[in-house]
Amino acid sequence: EHLLRRQFLVRPHDGEIRRCYKHEPQQVEQRDGRCPGEQEGAVDFPAFHGQQIKRVNALAFLLKAADLAEQRQQEQEKADREYQPKETLPNHNIIRTEGFWRVEKIHIPYIGRPCRPEQFQRAAGYATQEDVFRAGEEILSAVFEKFAPEGATVSKAPYPVYSYRQAMLEFGTDKPDLRNPLRILDVTDFFQECTFKPFLGRTVRAIRVQTGMSKGFHEKLLQFAVSLGMAGLGYLEVAEDLSYKGPIDKFIPADRKEQLRQLAGLGAGDTVFFIADREERANYYAGKIRLELGEKLGLTEENAFRFCYVNDFPMYEMDPETKEIGFTHNPFSMPQGGLEALETKDPLEVLAYQYDIVCNGVELSSGAVRNHDMNIMVKAFEIAGYDEKTLKRKFGALYRAFQFGAPPHAGMAPGIDRMLMLLRGEENLREVIAFPMSGSAQDLMSGAPGEVTEQQLREAHIKVRA
């Protein structure tokens with residue numbers, strides 16, 4: 001180890017070899033016939049276990065060095081064979097349990113880990129979700145106010161908070177763009193009592209727009225809807241006398257038209273669009289139509305940065321193919337209601353202390369309150385199909401660390417690259433990344449990924465099976 005970590009200078013002297021070492025692997029310059037750091041008398045050489053040497057026989061020195069190198073290599077090979085991942089200590093996962101705010105780390109992508117974006121991560125022990133919100137607002141508002149283009153408007157704290165369910169309903173996405181004033185309404189129950197068959201048994205969303213539209217605009221919007229995969233786009237226009245005009249007007253009973261007007265807040269000159277499908281698709285389509293309307297009608301605020309939080313994400317989801325329960329996002333987040341909720345509730349109804357910071361429809365940060373209680377963690381993984389033995393084997397670092405009474409802790413990690421993208425007005429992250437990969441995850445500059453040799457696979461202990 002000493003031979004590898006230190007650089008030795010070989011200098012002939014009366015047929016013998018004298019060597020000195022430096023701690024940095026850089027070129028050594030001779031001065032006054034001596035090595036830098038060499039003092040009069042003996043030179044300390046740690047590889048010889050503290051022996052003081054000045055001149056040594058060249059052959060004896062090399063033999064001793066070779067023996068030490070071989071010994072070190074054998075020790076390292078033995079350590080590698082006995083290495084078990086579960087014995088390692090976690091890094092930031094343990095540091096974040098400290099009881100104060102700290103800048104924990106900034107992730108920078110490097111070769112071999114291209115998918116990790118730059119992140120500015122903050123975490124603290126004894127912090128609640130609300131503590132994280134307040135800290136995030138302080139940092140992001142200050143950063144954007146300092147670096148945003150001149151004249152830009154930046155959201156002030158406190159940021160609005162939307163639950164995941166509320167965001168999916170009002171915006172059709174969990175990444176809402178608050179520059180757009182349009183909101184999505186749920187009119188599912190209303191249309192289940194009407195005679196319009198395409199809406200029966202489906203989730204129905206509505207978007208009210210307070211402006212008149214030409215026939216050509218309706219046609220273009222219909223083309224956009226069809227390009228998304230929708231079968232059509234229903235709408236109604238409200239006349240000055242508050243009567244309706246549109247293709248589905250005849251399917252709404254006369255005695256229920258006033259109810260629709262109150263439900264959607266309709267007034268003279270308004271237009272309301274309807275989207276119907278199963279819930280997931282209805283949310284998606286409505287979100288896309290909302291954004292398109294905001295852009296084409298010039299409703300979306302310009303030169304502004306509008307922040308919000310989205311929280312209360314579901315802890316679990318069901319795989320549509322296998323019908324098995326799995327984690328929705330972060331499996332190590334704390335479930336709301338703790339152990340009691342896991343034992344008594346339907347897993348699909350359990351919410352997690354997870355949250356996102358969103359700006360202009362872009363997710364800047366994800367965070368969570370960590371599940372620091374081992375009993376809750378074991379139960380949470382059990383619901384997702386992992387027994388305690390598997391939890392200990394796959395996530396041994398946290399499993400072992402949290403045996404010692406880790407306190408509650410929470411944090412977040414805003415993406416610096418995404419912040420730069422917004423501040424520069426770019427539409428794609430590749431525009432602010434030094435060496436971006438292509439859409440097929442190729443690094444065109446270095447030619448990665450490339451072919452792997454058999455020797456490289458062996459060094460990484462990887463075996464490829466046909």
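A quick note: this is a predicted structure, and the numbers were derived from the prediction, not measured.
- Within the 4.5 Å cutoff, side-chain heavy atoms of T203 are placed close to those of R205.
- For S366 and D356, the side-chain atoms include at least one donor-acceptor pair closer than 3.5 Å.
- The distance between the ring centers of F199 and F251 does not fall below 6.0 angstrom.
- The closest side-chain heavy-atom distance from F217 to K296 is below 4.5 Å.
- The structure places CG of L299 at 11.5 Å from CG of L291, a figure rounded to the nearest 0.5 Å.
- At least one side-chain heavy atom of V209 sits less than 4.5 Å from a side-chain heavy atom of M213.
- Side chain of E193 to backbone of D189: no donor-acceptor contact under 3.5 angstrom is found.
- For an aromatic pair to be called close, the ring centres must be under 6.0 Å apart, and Y235 with H218 satisfies this.
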message = As a quick check of understanding, evaluate salt bridge (charged side-chain N to carboxylate O under 4.0 Å, His left out) for E170 and R290, giving each step before the final call.
response = CA-CA 10 Å; E170 294 190 20; R290 171 181 174 269; over 6 Å; no
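- Smallest separation of non-hydrogen atoms from T188 and R202: CG2-O, 3.3 Å.
- Judged by distance alone, the side chain of S365 and the main-chain N or O of A413 form a donor-acceptor pair under 3.5 Å.
- Ring geometry, Y386 versus F381: the interplanar angle exceeds 60°, so the pair is classed perpendicular (tilted spans 30 to 60°).
- Contact between D174 and A167 at its shortest, heavy atoms only, is CA-CB, 4.3 Å.
- Between N371 and M377, the shortest heavy-atom distance links the atoms O-CE, 3.1 Å.
- Separation of the F402 and H372 ring centroids does not fall under the 6.0 Å cut-off.
- Taken from CG in D270 to CZ in R208, the straight-line distance is 5.5 Å, to the nearest 0.5 Å.
- Aromatic ring centres of F307 and Y159: separated by under 6.0 Å.
- Rounding to the nearest 0.5 Å places CG of L423 at 14.5 Å from CZ of R418.
- Side-chain N/O atoms of Q262 and E258 include a donor and acceptor closer than 3.5 Å.
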request  = List the steps and the verdict of side chain to side chain contact (heavy atoms under 4.5 Å, CB included) for I357 and E363.
outcome  = CA-CA 6 Å; I357 298 180; E363 177 191 323; over 6 Å; no
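- Side chains of Q354 and Y164: a donor-acceptor N/O pair is absent below 3.5 angstrom, by distance only.
- Distance alone, capped at 3.5 Å, is enough to place a donor-acceptor pair between the Q192 side chain and the G201 backbone.
- Defined by atom type and a distance below 3.5 Å, a donor-acceptor pair is missing between the side-chain atoms of N360 and R306.
- Not a single donor-acceptor pair under 3.5 Å links the side chain of N180 to the backbone N or O of D177.
- With hydrogens and angles ignored, the 3.5 Å screen pairs a side-chain donor or acceptor of T328 with a backbone N or O of Y316.
- Distance alone, capped at 3.5 Å, places no donor-acceptor pair between the S333 side chain and the R370 backbone.
- More than 12 non-hydrogen atoms from other residues, nucleotides or ligands lie less than 6.0 angstrom from CD of E459.
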ask   = After noting the C-alpha distance and the side-chain angles of L293 and I289, does the key distance pass the side chain to side chain contact (heavy atoms under 4.5 Å, CB included) rule?
value = CA-CA 6 Å; L293 286 169; I289 295 296; 3.9 Å; yes
ask   = Going through the distances and angles, do F147 and M419 end up as a side chain to side chain contact (heavy atoms under 4.5 Å, CB included)?
value = CA-CA 10 Å; F147 296 104; M419 294 166 64; over 6 Å; no
inquiry  = If you apply the rule salt bridge (charged side-chain N to carboxylate O under 4.0 Å, His left out), what do you find for E343 with K379, and how did you get there?
reply    = CA-CA 8 Å; E343 293 177 338; K379 183 61 178 180; 5.6 Å; no
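- In this structure a side-chain-to-backbone donor-acceptor pair under 3.5 Å is present from H409 to P407.
- In this structure the side chain of V161 reaches within 4.5 angstrom of the side chain of N311, judged on heavy atoms.
- Taking both residues in full, the closest heavy atoms of Y126 and D131 are given as O-OD2, 4.1 Å, listed atom of the first, atom of the second, then distance.
- Here the side chain of S155 pairs a donor or acceptor atom with the backbone of F305 at under 3.5 angstrom.
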request  = Please assess D387 against K389 for the test salt bridge (charged side-chain N to carboxylate O under 4.0 Å, His left out), listing each intermediate value before the final yes or no.
outcome  = CA-CA 5 Å; D387 57 23; K389 183 178 180 181; over 6 Å; no
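- R393 forms no cation-pi arrangement with F395, by the criterion of a distance under 6.0 Å to the ring centre and an angle within 45° of the ring axis.
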task = Under the side chain to side chain contact (heavy atoms under 4.5 Å, CB included) rule, what do R165 and D312 come out as? Steps first, then yes or no, please.
result = CA-CA 8 Å; R165 183 178 295 276; D312 292 348; over 6 Å; no
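- When each of L342, I383, L351 is tested with P335 by the rule side chain to side chain contact (heavy atoms under 4.5 Å, CB included), just one qualifies, namely L342.
- Here the closest non-hydrogen pair linking E301 and A304 is CD-CB, 3.5 Å.
- Atom CD of Q456 sits in a crowded spot, with more than 12 heavy atoms from other residues, nucleotides or ligands closer than 6.0 Å.
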inquiry  = E454 vs R458, test: salt bridge (charged side-chain N to carboxylate O under 4.0 Å, His left out). Steps then yes/no.
reply    = CA-CA 6 Å; E454 182 65 26; R458 289 180 179 179; 3.7 Å; yes
ask   = Can you list the steps and then say if F313 with Y355 is a ring pair (Phe, Tyr, Trp, His ring centres under 6.0 Å)?
value = CA-CA 7 Å; F313 285 86; Y355 39 84; 8.9 Å; no
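- For the pair P449 and Q442, the minimum side-chain heavy-atom distance is below 4.5 Å.
- At least one donor-acceptor pair closer than 3.5 Å links the side chain of D319 to the backbone N or O of T322.
- Not a single donor-acceptor pair under 3.5 Å links the side chain of T173 to the backbone N or O of P176.
- Contact record, P158 with R134: CB-NH2, 4.2 Å, taken as the closest heavy-atom pair.
- A ring-centre distance under 6.0 Å is not found for Y162 and Y309.
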